[in-house]
Amino acid sequence: GENVEQHPSTLSVQEGDSAVIKCTYSDSASNYFPWYKQELGKRPQLIIDIRSNVGEKKDQRIAVTLNKTAKHFSLHITETQPEDSAVYFCAASTMASYDKVIFGPGTSLSVIP
Amino acid sequence: GAVVSQHPSWVICKSGTSVKIECRSLDFQATTMFWYRQFPKQSLMLMATSNEGSKATYEQGVEKDKFLINHASLTLSTLTVTSAHPEDSSFYICSAAGGSQPQHFGDGTRLSIL
């Protein structure tokens, strides 16, 4: 089955700096890669996703890149703000809405004011 | 956007009792629902996938007799933790998907077994 790895497990950055989280996946059949932000005790919130026919996607301060050949994908947050502090999970799935989503282990991001 | 309601949000009970958690899709038909478990400071681990009207598919290592899943309608799935013990204490989250809807997560249930 699919296995998703994620690095780093913890990340501290100064407010205004950029944060980068990297993930790898194992199943070449995966073609949908969502990123979730989870605040303590709350549900995961989808913040951005990318499909395998696209190499990069950007939404304001957040961008994702995908290297399908290497099975790598990354999340980039620019101009970080304290409210960006949370746990971020990468995940892999197929584009079928009924397919299971496999989560990475998570990255705890702290943005220091 | 689509809404998934999960109930209860918090439950505390004695060891040996059974606990039922409900997951409802409020504005779309959920052909598939997923149940996850999350221990403190860990990731979401998929427990099982349930399709409406059929038996759930459990992930490796998840005891199907311990975690009973019922998905009797297109808007409701339930997870029953039978004979719960302290090691079953965790955050349980459901998600629902169907038709053109991607997975939408419920708010989660924090289960504490004394």
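Chain naming here is simple, since letters A, B, ... match the order of the sequence lines and numbering starts at 1 in each.
In A:L40, the CG atom is not crowded: 12 or fewer heavy atoms of neighbouring residues, nucleotides or ligands sit closer than 6.0 Å. Shown here is B:K66, whose NZ atom has more than 12 heavy atoms of other residues, nucleotides or ligands within 6.0 Å. Counting non-hydrogen atoms of other residues, nucleotides and ligands closer than 6.0 Å to CD of A:Q60 gives a total of 12 or fewer. The environment of NZ in A:K68 is crowded: more than 12 heavy-atom neighbours from other residues, nucleotides or ligands sit within 6.0 Å. Heavy atoms of other residues, nucleotides or ligands lying less than 6.0 angstrom from CD of B:Q29 number 12 at most. Around CD of A:Q81, the count of heavy atoms belonging to other residues, nucleotides or ligands within 6.0 Å exceeds 12.
When B:G108, B:A30, B:P40, B:G106 are compared by the number of non-hydrogen pairs under 4.5 Å with chain A, B:G106 comes out ahead.
The part of B:E59 that comes within reach of chain A is its side chain, from C-beta onward, which places non-hydrogen atoms under 4.5 angstrom from that chain. Interface residue A:F89: only side-chain heavy atoms are found under 4.5 Å from chain B.
Side chains of A:K100 and B:T57 form no contact here, defined as non-hydrogen atoms less than 4.5 Å apart. Between A:P44 and B:I93, the closest side-chain pair of non-hydrogen atoms falls below 4.5 Å.
No single ILVMFWY cluster, assembled from side-chain heavy atoms under 4.5 Å apart, contains both B:L79 and B:L76. Criterion: ILVMFWY side-chain heavy atoms under 4.5 Å apart, direct or through other members. Under it, B:F34 and B:M47 are not part of a common hydrophobic cluster.
Separating the OG1 atom in A:T10 from the NZ atom in B:K41 is a distance of 10.5 Å, to the nearest 0.5 Å. Taking CD of B:Q38 as the start and CZ of A:R43 as the end, the distance is 13.5 Å to the nearest 0.5 Å. Distance CD/A:Q38 to CZ/B:F91: 6.5 Å, rounded to 0.5 Å.
Between the side chain of B:Q42 and the backbone N or O of A:G106, no donor-acceptor pair lies under 3.5 Å.
Here the shortest heavy-atom pairing between A:G104 and B:S43 reads O-OG, 2.5 Å. Taking each heavy atom of B:Q103 and A:V101 in turn, the nearest pair found is NE2-CG2, 3.1 Å.
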